[in-house]
Structures are given as C-alpha cells and as structure tokens.
Amino acid sequence: MHWMMWVFWGTLAAIFSISFLVDVLTKRKYNLNKKEQTLNQNSAEADARRQAGQNNHQGGMF
C-alpha cells in the first residue's frame with residue numbers, strides 16, 4: 001500500500017512539473033481566457049445570425 005501512495009503523488013507531481021515546463025518553454029503563449037476564433041467559426045456565427053434573422057421574419061403557424 002505504501003508504494004501506491006508514491007505512485008499517486010509521483011504521478012501528480014510529474015503532471016504539474018511537465019505542465020509548468022511546457023508553460024515555460026512556450027513562453028506562456030497559451031491563454032485559456034482569450035478567445036481567438038478562426039475564420040470558419042466567424043463565418044459559422046455570421047451564418048447562424050443570418051438564419052435566425054430569416055426565421056424571425058417568416059410568417060405562418062409553423
């Protein structure tokens with residue numbers, strides 16, 4: 001059972017160490033708060049807004 005503790009905490013320490021190393025090597029390029037959309041996402045959003053506008057102006061029961 002003692003070796004399981006070492007495996008668990010060792011794995012956890014390795015994950016944190018590797019993530020910090022990747023963060024330093026990439027010079028903190030990746031920011032999870034900043035949302036950068038691709039051209040495909042922008043065009044999909046514009047298309048969705050266009051379709052929503054068309055559906056709002058249509059008459060009829062269905």
Side-chain angles (χ1 to χ4, degrees):
M1 281 297 179
H2 189 72
W3 63 271
M4 291 176 79
M5 179 190 73
W6 282 106
V7 168
F8 174 75
W9 290 113
T11 304
L12 197 61
I15 289 172
F16 282 122
S17 301
I18 291 171
S19 64
F20 179 75
L21 184 66
V22 167
D23 195 32
V24 168
L25 290 177
T26 58
K27 296 179 178 51
R28 301 183 190 277
K29 184 175 101 175
Y30 300 104
N31 187 0
L32 297 178
N33 295 330
K34 186 171 63 172
K35 304 261 184 197
E36 292 185 9
Q37 293 184 341
T38 62
L39 185 60
N40 191 24
Q41 289 172 324
N42 289 336
S43 63
E45 182 181 355
D47 188 43
R49 288 182 189 272
R50 239 187 335 272
Q51 287 181 2
Q54 288 174 356
N55 291 338
N56 287 341
H57 298 296
Q58 289 178 351
M61 294 185 58
F62 300 106

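Starting from 1, each residue takes its place in the sequence as its number. Given the structure is predicted, the values throughout are model-derived calculations rather than measurements.
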Side chains of residues 1-14: which donor-acceptor partners sit under 3.5 Å, not counting sequence neighbours?
residue	atom	partner	partner atom	Å
H2	NE2	W6	NE1	2.9
T11	OG1	V7	O	2.6

- For F20, the rest of its hydrophobic cluster, which grows through side-chain links under 4.5 angstrom: V24
- Message: Running the 4.5 Å side-chain criterion over Ile, Leu, Val, Met, Phe, Trp and Tyr, what cluster does L25 land in, apart from itself?
- Response: L21
